[in-house]
Amino acid sequence: FGFVAKRSYGDFGVFLLWNAKKEPFYTMLSPMLSQIGEKFHVFSFWDKKYLGVRTANSLLDLSFETGGVYRYTPVSTSKKPLLIASCLHLSMGANEIKEMIDNGSNVVISFCDDGAQDGELFFYSESKILAVDCVNCEATLNFNGDNVYEIKIKNRQKESEICVKYCIS
């Protein structure tokens with residue numbers, strides 16, 4: 001099961017993958033993902049783990065009779081921070097994010113009411129993300145290594161304007 005989402009803030013695919021064989025699991029997602037890219041940042045929803053850059057048909061380390069939900073975000077040539085996952089909703093960014101506005105030195109993220117009140121956003125950025133500020137929720141910033149930044153969101157208020165803003169160097 002899976003889908004490709006095309007959003008103003010970037011295209012991506014989200015897939016539920018299951019390994020029913022007693023051998024290595026190779027994804028065969030090229031038919032769906034070829035419309036949005038060739039190489040992808042891969043993120044595991046349940047593990048909240050960045051798996052690096054992969055192709056649509058690469059090996060995923062899935063043991064026999066295990067699975068997961070994965071987001072595939074096309075690698076960008078831009079040096080701007082790239083949203084590679086949201087753990088506020090199983091859609092990993094397709095339903096809970098209303099828009100992202102980037103004005104060069106900072107980015108403002110607006111949310112819909114869909115999704116959890118608490119969760120994380122993950123960004124890949126070769127530029128340093130310096131700070132985070134928010135309205136109608138709490139947010140903290142962590143650097144997870146491998147150019148991945150995590151914004152933890154807590155107490156997101158439904159039916160109110162919710163924005164998380166961060167600045168980059």
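Keep in mind the model is a prediction, meaning the values are calculated, not measured. Numbers here are sequence positions counted from 1.
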Enquirer: Which heavy atom of I97 sits nearest to which heavy atom of M100, and what is that distance?
Expert: CG2-CG, 4.1 Å
Enquirer: What residues form a side-chain contact (heavy atoms from CB on, under 4.5 Å) with P74, not counting sequence neighbours?
Expert: I36, F40
Enquirer: Looking at K6, I want to see if its NZ is surrounded by more than 12 non-hydrogen atoms of other residues, nucleotides or ligands under 6.0 Å.
Expert: yes
Enquirer: How far does CG of D113 sit from CG of N95, to the nearest 0.5 angstrom?
Expert: 12.0 Å
Enquirer: Quick check: closest heavy atoms across Y9 and K98, and the distance to 0.1 Å?
Expert: CE2-O, 4.4 Å
Enquirer: Say whether L83 and V75 are linked into one hydrophobic cluster, either directly or through other cluster members, by side-chain heavy-atom distances under 4.5 angstrom.
Expert: yes
Enquirer: Can you tell me how far apart CG (L82) and CG (D102) are? Round to the nearest 0.5 Å.
Expert: 11.0 Å
Enquirer: Indicate, with yes or no, if I101 and F111 share a hydrophobic cluster defined by side-chain heavy-atom contacts under 4.5 Å among Ile, Leu, Val, Met, Phe, Trp and Tyr.
Expert: no
Enquirer: Tell me whether L90 is reachable from W18 by hopping between hydrophobic residues (I, L, V, M, F, W, Y) whose side-chain heavy atoms are closer than 4.5 Å.
Expert: no
Enquirer: State the CG-CG distance between N136 and N155, to the nearest 0.5 angstrom.
Expert: 11.0 Å
Enquirer: Atom OG of S76 and atom CD1 of I84: how far apart are they, to the nearest 0.5 Å?
Expert: 12.5 Å
Enquirer: Taking only residues two or more places apart in sequence or in another chain, which ones pass side-chain hydrogen bond (donor to acceptor under 3.5 Å, both in side chains) with Y166?
Expert: none
Enquirer: What donor-acceptor contacts under 3.5 angstrom involve side-chain atoms of residues 139-153, with partners at least two apart or in another chain?
Expert:
unit_1: N144; atom_1: ND2; unit_2: E150; atom_2: OE1; d: 3.1
unit_1: N147; atom_1: ND2; unit_2: Y124; atom_2: OH; d: 3.3

Enquirer: Please check if F3 and L16 belong to a single hydrophobic cluster, counting links between Ile, Leu, Val, Met, Phe, Trp and Tyr side chain heavy atoms closer than 4.5 Å.
Expert: yes
Enquirer: Near E138 CD, under 6.0 Å, is it more than 12 heavy atoms from other residues, nucleotides or ligands?
Expert: yes
Enquirer: Could you tell me which non-hydrogen atom of R156 sits nearest to which non-hydrogen atom of D114, and how far apart they are?
Expert: NH2-O, 2.6 Å
Enquirer: What's the shortest heavy-atom distance between L88 and D118, and which atoms?
Expert: CD2-C, 3.6 Å
Enquirer: Give me the atom names and distance for the closest heavy-atom approach of T55 to Y72.
Expert: O-CE2, 4.2 Å
Enquirer: To the nearest 0.5 Å, how far apart are CZ in F15 and CE in M92?
Expert: 11.5 Å
Enquirer: Considering non-hydrogen atoms only, spot the tightest contact between S91 and E96 and give its length.
Expert: OG-OE1, 3.3 Å
Enquirer: Any non-hydrogen side-chain atom of R71 less than 4.5 Å from a side-chain atom of F45?
Expert: no
Enquirer: Verify side-chain contact (heavy atoms from CB on, under 4.5 Å) between F12 and H41, making sure each step is shown before the conclusion.
Expert: CA-CA 10 Å; F12 58 92; H41 294 281; over 6 Å; no
Enquirer: Check whether the ring centres of F122 and F43 lie less than 6.0 Å apart, and answer yes or no.
Expert: yes
Enquirer: Please determine whether the number of non-hydrogen atoms from other residues, nucleotides or ligands lying under 6.0 Å from atom CH2 of W46 exceeds 12.
Expert: no
Enquirer: If I take atom SG from residue C87 and atom CD from residue E120, how far apart are they, to the nearest 0.5 angstrom?
Expert: 5.5 Å
